[in-house]
Novice: 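Pasting a structure here, questions to come.
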Amino acid sequence: MAAELTILSGGLSTELEAAGFLIQGDPLWSARLLHTNPQAVKTVHTNFLHSGANVLSTATYQASIEGFKQHLGLNFEEAANLFTVAVCQAKESSDAFIRQHAETRKMLIAGSIGPYGAFLHDGSEYTGSYVKDMSIEELKDWHRTQMQCLAAAGVDLFAFETIPSLKEAEALVQLLREFPNNKAWLSYSCQSTSLTSFGERFDEAVNIAERSNQLVAIGVNCCSPAFVGPLLKSANSKRVRKIDWIVYPNKGENWDHKLGYVITGYKNRILLSALLF
């Protein structure tokens, strides 16, 4: 029987930059537009739906209460409300699309949760170096507020994405138990065809799925497309719990904190990403 394929939305920041917004180098990334131009985010969501997406990810990958307070001068309540704005933009896009096109396919809203390193805005999200100095409890404390805001706003599931290390993945899986009514996917970033960005074996890291019935998919994102096949092949035979794969690579670029994304060989743009759900 053929596997069912669910299509994820593409990169919000890529499409926002194509529309003329300056995203690269911003410590809030695309999340700033939740405050300055939420309609622009909504427009991109709608474009993804027209391209066939079944899952819209909120513009909260690099969002945090602390980040909104630091970089926008907001208080806690104002910062928390931007997570509601993020979910509303995605939901309103989905609802309008369904009404206008008599759409029958199921649409999901995924609350994007990036790694702690995304808040640091120093490139460490691609290495995971910060986890050497943080405990699992400290990582849980960091992510908890963002997850509370997204859950309260009504996301269908969490998207734990670009996670560089098993330690941070463990913190998120433990924290997920505090949200028993929510599901999630977990996606690692990887440095090679066998290792996570922090240098751990991918085929061992995916078995964190055994510890949570709330995880619906596990996989890899924000890495070279050339890594994907070998990573999944190495892990497939060793997976203890057979949940679905989620895969959404980039163009094969490396991140340079001063220059931004630098292409290292792969030229074809990835427009949409696939989630086996």
Side-chain angles (χ1 to χ4, degrees), residues 3 6 8 61 110 112-118 120 123-144 147 157-179 182-250 252-255 264 266 270 273-277:
T6 300
L8 301 182
Y61 169 81
S112 176
I113 298 285
Y116 175 68
L120 297 177
S124 61
E125 66 189 285
Y126 301 108
T127 66
S129 57
Y130 54 88
V131 302
K132 293 183 289 187
D133 302 314
M134 298 182 73
S135 67
I136 284 180
E137 289 304 314
E138 287 172 326
L139 288 164
K140 287 167 64 176
D141 289 343
W142 168 258
H143 287 293
R144 183 177 287 108
M147 289 176 64
L157 74 166
F158 296 117
F160 302 143
E161 47 189 356
T162 325
I163 305 304
S165 69
L166 180 57
K167 188 176 188 178
E168 190 161 15
E170 177 64 42
L172 287 164
V173 167
Q174 289 187 20
L175 186 56
L176 186 59
R177 296 172 193 150
E178 298 179 18
F179 301 84
N182 291 94
K183 303 292 186 180
W185 81 63
L186 172 65
S187 183
Y188 289 100
S189 61
C190 291
Q191 60 171 273
S192 70
T193 57
S194 60
L195 301 176
T196 67
S197 290
F198 191 58
E200 299 146 324
R201 288 175 59 100
F202 178 78
D203 60 358
E204 295 175 355
V206 296
N207 278 327
I208 196 171
E210 184 184 7
R211 305 171 203 171
S212 176
N213 289 325
Q214 291 171 262
L215 285 181
V216 296
I218 195 164
V220 59
N221 76 290
C222 203
C223 71
S224 168
F227 293 174
V228 173
L231 283 167
L232 300 192
K233 184 176 181 180
S234 70
N236 234 343
S237 62
K238 297 184 179 180
R239 279 195 299 166
V240 176
R241 181 175 168 235
K242 302 293 186 180
I243 65 172
D244 290 325
W245 285 120
I246 180 167
V247 177
Y248 47 120
N250 58 24
E253 303 163 314
N254 286 332
W255 174 258
T264 56
Y266 192 87
I270 301 300
S273 312
L275 164 64
L276 294 178
F277 205 80

Novice: Within a strict 4.5 Å, meaning less than it, do heavy atoms of the Leu232 and Val247 side chains meet?
Specialist: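 They are in contact (side-chain heavy atoms under 4.5 Å apart), so the answer is yes.
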Novice: Do the side chains of Leu215 and Lys183 get nearer than 4.5 Å, heavy atoms only?
Specialist: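 Side-chain contact under 4.5 Å: no.
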Novice: Minimum heavy-atom separation for Phe160 and Ala184, please, with both atom names.
Specialist: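 In terms of heavy atoms, the two residues are closest at CE1-CB, 3.6 Å.
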Novice: To the nearest 0.5 Å, what is the distance between OH (Tyr116) and CD (Glu138)?
Specialist: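 Rounded to the nearest 0.5 Å, the OH-CD separation comes to 9.0 Å.
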Novice: Measuring only between side-chain heavy atoms, which start at C-beta, is Leu195 closer than 4.5 Å to Phe202?
Specialist: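 With C-beta onward as the side chain, the pair stays apart.
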Novice: Can you tell me how far OG of Ser192 sits from CZ of Arg201, rounded to the nearest 0.5 angstrom?
Specialist: 10.5 Å
Novice: Can you name the nearest heavy-atom pair linking Val131 to Ser165, along with the distance?
Specialist: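 Scanning both residues completely, I find the closest heavy atoms to be CG1-OG, 3.4 Å.
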Novice: When rounded to the nearest 0.5 angstrom, what distance separates CH2 in Trp245 from OG in Ser187?
Specialist: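 Spacing of CH2 (Trp245) from OG (Ser187) equals 10.5 Å.
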Novice: Out of curiosity, Cys190 SG to Glu200 CD, how far, rounded to the nearest 0.5 Å?
Specialist: 10.0 Å
Novice: With side chains defined as the heavy atoms from C-beta onward, is the minimum distance between Ile208 and Leu166 less than 4.5 Å?
Specialist: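 The answer is yes, as the side chains (C-beta and beyond) meet within the 4.5 Å cut-off.
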Novice: Between atom NZ of Lys140 and atom CG of Leu176, what is the distance when rounded to the nearest 0.5 Å?
Specialist: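 With rounding to 0.5 Å, NZ (Lys140) is 11.0 Å from CG (Leu176).
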Novice: Is the side chain of Gln214 donor-acceptor paired with the backbone N or O of Phe179 at a distance under 3.5 Å, no angle test?
Specialist: yes
Novice: Does the pair Tyr126 and Cys222 meet the rule for a side-chain contact (heavy atoms from CB on, under 4.5 Å), with working shown?
Specialist: CA-CA 9 Å; Tyr126 301 108; Cys222 203; 3.8 Å; yes
Novice: Under 4.5 Å between any side-chain heavy atoms of Val216 and Ile243, yes or no?
Specialist: no
Novice: Does either side chain, that of Ser234 or that of Asp203, offer a donor lying less than 3.5 Å from an acceptor on the other one?
Specialist: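 The criterion, which ignores hydrogens and geometry beyond distance, is not satisfied for Asp203 and Ser234.
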Novice: Tell me whether Lys167 is salt-bridged to Glu170, with the criterion being a basic N under 4.0 Å from an acidic carboxylate O.
Specialist: no
Novice: Taking C-beta and beyond as the side chain, do Ile136 and Gln174 meet within less than 4.5 Å on heavy atoms?
Specialist: yes
Novice: Within the side chain of Glu178, is there an N or O that forms a donor-acceptor pair under 3.5 Å with the backbone of Leu175?
Specialist: no
Novice: Can you confirm whether the side chains of Glu161 and Tyr188 place a donor and an acceptor under 3.5 Å from each other?
Specialist: no
Novice: Under a 3.5 Å cutoff, is there a donor and acceptor pairing between the side chains of Tyr130 and Glu168?
Specialist: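 A pair is found: one side chain offers a donor N or O, the other an acceptor, under 3.5 Å apart.
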Novice: Taking only residues two or more places apart in sequence, or in another chain, which ones meet Phe227 in a ring pair (Phe, Tyr, Trp, His ring centres under 6.0 Å)?
Specialist: none
Novice: With distance as the sole test, does Thr162 use its side chain to make a donor-acceptor pair with the main-chain N or O of Ser189 at under 3.5 Å?
Specialist: no
Novice: To the nearest 0.5 Å, how far apart are CG in Asn182 and CG in Leu157?
Specialist: 8.5 Å
Novice: Under 4.5 Å between any side-chain heavy atoms of Pro164 and Pro115, yes or no?
Specialist: yes
Novice: Trp185 versus Phe158: any side-chain heavy-atom pair under 4.5 Å?
Specialist: no
